[in-house]
J.: 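Have a look at the structure that comes next, please.
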Amino acid sequence: MDLAPYTTLRLGGPARAVIEARTEEELVEAASDPGVVLLAGGSNVVVADAGVDATVARVLTRGVAVEEDAEHVRLRVAAGEPWDDLVARCVADGLVGVECLAGIPGSTGATPIQNVGAYGQEVADTLAAVRVLDRRTGEVTELGPEDCGFGYRTSAFKRAPGRWVVLEVVLRLRRGAEGTPIRYAELARSLGVRPGERARLADVRDAVLALRRGKGMVLDPGDHDTWSAGSFFTNPFVDPAALPDGAPAFAQPDGTVKTSAAWLIERAGFRRGYGDPAGIAISSKHTLALTNRGDGTTAALVALAREIAAGVRERFGVVLEPEPVFLGLAWLG
Ligand SMILES: Cc1cc2nc3c(=O)[nH]c(=O)nc-3n(C[C@H](O)[C@H](O)[C@H](O)COP(=O)(O)OP(=O)(O)OC[C@H]3O[C@@H](n4cnc5c(N)ncnc54)[C@H](O)[C@@H]3O)c2cc1C
């Protein structure tokens, strides 16, 4: 059976077999075969048209356990729990720390893999522990955030593909009526507060969802702008001397600057909507999202992504790296 329906791009051919892991025991058993590939929400993967020459295990475990003390609430969340539902529950229960991460599709277990982030928060801010299976040793252990090697859209898990299986994520959240201080200027503007000020939890979630909808970043089966893997490229880190004139720059502790992939792509001549209106095209709402307009193929997606990366490299000398994980094919951009 094709994997396309299990991905948000709705692209990709068959696996050798598909296992549905609904309990932790089933997940551990499936993953004990080193050849088995994990797939959860399918919102950060690009699957080859020819499929994947491996068995795919779908992460469908469920369960949220709550532990409380006077100040904090710890949520022990099974890997397969849908992340956006968890955020909605936290906001409804007055738990602070993940409200800006509303609307991110996929599973809770995948959030530490690329340290998901948006609108000034990332999961590393509230993650207390991750229970993992180390497929090299067969051991199940609990890792603290210091062991996870978190960085911008990366982690120790992403750097060692195939080694770790996230079984549970433990979040440490504070009780409160207001969210964490707003760090993202666009979000502050839409909430009518200054950066660094706070706003009511539910208002933050609503504002984030509204901003994301405007960019096609909330899944909607009827809207092809959301048939994507989210941002296709990460924002690049460059030497300040190599920063293109006028490009946004966010200074980093290591002396590099982070710049905007969307800015570079637009200035290299790739506008929203660029591509095949019936196949693969840049989203009409967001320069960083490559979307399937209905008749797309993975080959066309990768060809457009490579064209964009080559255009940016030629124009600015900056190398763009893809954010999603490739299954059954290599990026070679
Ligand atoms: C419309 C849209 C908007 C998005 N917006 C954002 C955003 O704002 N910020 C952001 O950071 N990301 C964003 N993303 C990307 C994506 O949603 C996240 O990366 C998400 O965490 C992926 O979860 P998933 O369950 O879909 O993972 P999948 O796509 O199923 O898997 C991704 C990778 O993680 C591995 N994996 C999955 N589960 C596990 C597990 N339990 N243990 C070990 N490995 C595992 C898979 O093998 C694969 O390598 C967006 C995507 C879309 C489609």
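When a ligand or atom number is given, it counts from 1 through the structure's own listing order. These numbers were taken from a predicted model, which means no experiment stands behind them. Counting begins at 1 with the first residue of the sequence.
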J.: Mind checking the OH-CG spacing from Y119 to L101? Nearest 0.5 Å is all I need.
T.: 11.5 Å
J.: Which of the atoms in ligand 1, numbered in the order shown and given with their element, are less than 4.0 Å from a heavy-atom of R153?
T.: 11 (O)
J.: Once you round to the nearest 0.5 Å, how far does CG of L38 lie from CG of L327?
T.: 10.0 Å
J.: Under 3.5 Å, is there a donor-acceptor pair between the side chain of Y152 and the main chain of T234?
T.: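 Flag not set: sc Y152 to bb T234 has no pair under 3.5 Å.
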J.: Measure the spacing between OG1 of T8 and CG of N44 and express it to the nearest 0.5 Å.
T.: 8.0 Å
J.: Roughly how far apart are L304 CG and Y274 OH, rounded to 0.5 Å?
T.: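 One finds 7.0 Å between CG of L304 and OH of Y274.
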J.: Any idea which atoms of ligand 1 are less than 4.0 Å away from a heavy-atom of I104?
T.: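 Here the atoms of ligand 1 in question are 6 (C), 7 (C), 8 (O), 9 (N), 13 (C), 17 (O).
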J.: Can you tell me the protein heavy atom closest to atom 23 (O) of ligand 1 and the distance?
T.: A110 CB, 3.2 Å
J.: Find all atoms of ligand 1 within a distance of less than 4.0 Å from any non-hydrogen atom belonging to W164, and give their numbers and elements.
T.: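 Listed by number with element: 43 (C).
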J.: Give the atom numbers and elements of ligand 1 that come within less than 4.0 Å of a heavy atom of S107.
T.: 23 (O), 24 (P), 25 (O)
J.: Taking atom types as modelled and ignoring hydrogens, do the side chains of S283 and D225 form a donor-acceptor contact shorter than 3.5 angstrom?
T.: yes
J.: Nearest to atom 52 (C) of ligand 1, what protein heavy atom do you find, and at what distance?
T.: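 Ranking protein heavy atoms by distance from atom 52 (C) of ligand 1, first comes G230 N, 3.2 Å.
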J.: Give the contacting part of V166 toward ligand 1: side chain, backbone, both or neither, where contact means a heavy-atom distance below 4.0 Å.
T.: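 Near ligand 1, V166 shows its backbone as well as its side chain.
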J.: Would you say N115's side chain and T154's backbone share a donor-acceptor pair under 3.5 angstrom?
T.: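 Here the side-chain-to-backbone pair does not exist.
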J.: Considering only the protein, which heavy-atom contact is closest to atom 31 (O) of ligand 1, and what is its distance?
T.: V45 CG1, 3.8 Å
J.: Surrounding CD of E186 (heavy atoms of other residues, nucleotides or ligands, distance under 6.0 Å), is the total greater than 12?
T.: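 Yes, because the 6.0 Å sphere around CD of E186 holds more than 12 heavy atoms from other groups.
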J.: What protein heavy atom is closest to atom 33 (C) of ligand 1, reported as residue, atom name and distance in Å?
T.: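 For this ligand atom, the closest protein heavy atom is V325 CG2, 4.0 Å.
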J.: What part of A229, side chain from CB on, backbone N/CA/C/O, both or neither, has a heavy atom under 4.0 Å from ligand 1?
T.: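 For A229, the contact with ligand 1 is made by the backbone alone.
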J.: Between I113 and ligand 1, find which residue part has any heavy-atom pair under 4.0 Å and reply side chain, backbone, both or neither.
T.: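 For I113, only side-chain atoms sit under 4.0 Å from ligand 1.
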J.: Distance check, rounded to the nearest 0.5 Å: I308 atom CD1 versus R306 atom CZ?
T.: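 Going from CD1 on I308 over to CZ on R306, the span is 12.5 Å.
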J.: Counting from 1, what ligand 1 atoms have a heavy atom of V116 closer than 4.0 Å?
T.: 10 (C), 11 (O), 18 (C), 19 (O), 21 (O)
J.: Under a 4.0 angstrom heavy-atom cut-off, which atoms of ligand 1 come close to A118?
T.: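 That gives atoms 8 (O) of ligand 1.
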J.: At under 4.0 Å between heavy atoms, is it the side chain or the backbone of N44 that contacts ligand 1, or both, or neither?
T.: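 The part of N44 near ligand 1 is both the backbone and the side chain.
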J.: Please state which protein non-hydrogen atom is closest to atom 24 (P) of ligand 1 and give its distance, to 0.1 Å?
T.: G41 N, 3.4 Å
J.: How close does the nearest protein non-hydrogen atom get to atom 22 (C) of ligand 1, and which residue and atom is it?
T.: S43 OG, 3.3 Å
J.: More than 12 heavy atoms of other residues, nucleotides or ligands under 6.0 Å from CZ of R136: yes or no?
T.: no
J.: Rounded to the nearest 0.5 Å, how far apart are CG of L86 and OG of S107?
T.: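 Here the rounded value is 11.0 Å.
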J.: Give the atom numbers and elements of ligand 1 that come within less than 4.0 Å of a heavy atom of V165.
T.: 42 (N), 43 (C)
J.: Decide yes or no on salt bridge (Lys or Arg N to Asp or Glu O under 4.0 Å) for R74 and E68, but give the supporting numbers first.
T.: CA-CA 6 Å; R74 283 162 70 95; E68 298 199 41; over 6 Å; no
J.: Does R58 count as lying over the ring of Y6, i.e. NZ or CZ under 6.0 Å from the six-ring centre, within 45 degrees of the axis?
T.: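 Geometry flag: set, cation within 6.0 Å and 45°.
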J.: Considering heavy atoms of the protein only, find what lies nearest to atom 12 (N) of ligand 1 and give residue, atom and distance to 0.1 Å.
T.: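 Ranked first by proximity to atom 12 (N) of ligand 1 is Q114 NE2, 3.1 Å.
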J.: Run the numbers for me: atoms of ligand 1, each under 4.0 Å from some heavy atom of A79, listed by number.
T.: 41 (N)
J.: For atom 8 (O) of ligand 1, what's the nearest protein heavy-atom neighbour? Residue, atom name and distance, please.
T.: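 Result: R212 NH1, 2.9 Å.
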J.: Measure from atom 11 (O) of ligand 1 to every heavy atom in A40, G117, P105 and give the option owning the shortest one.
T.: G117
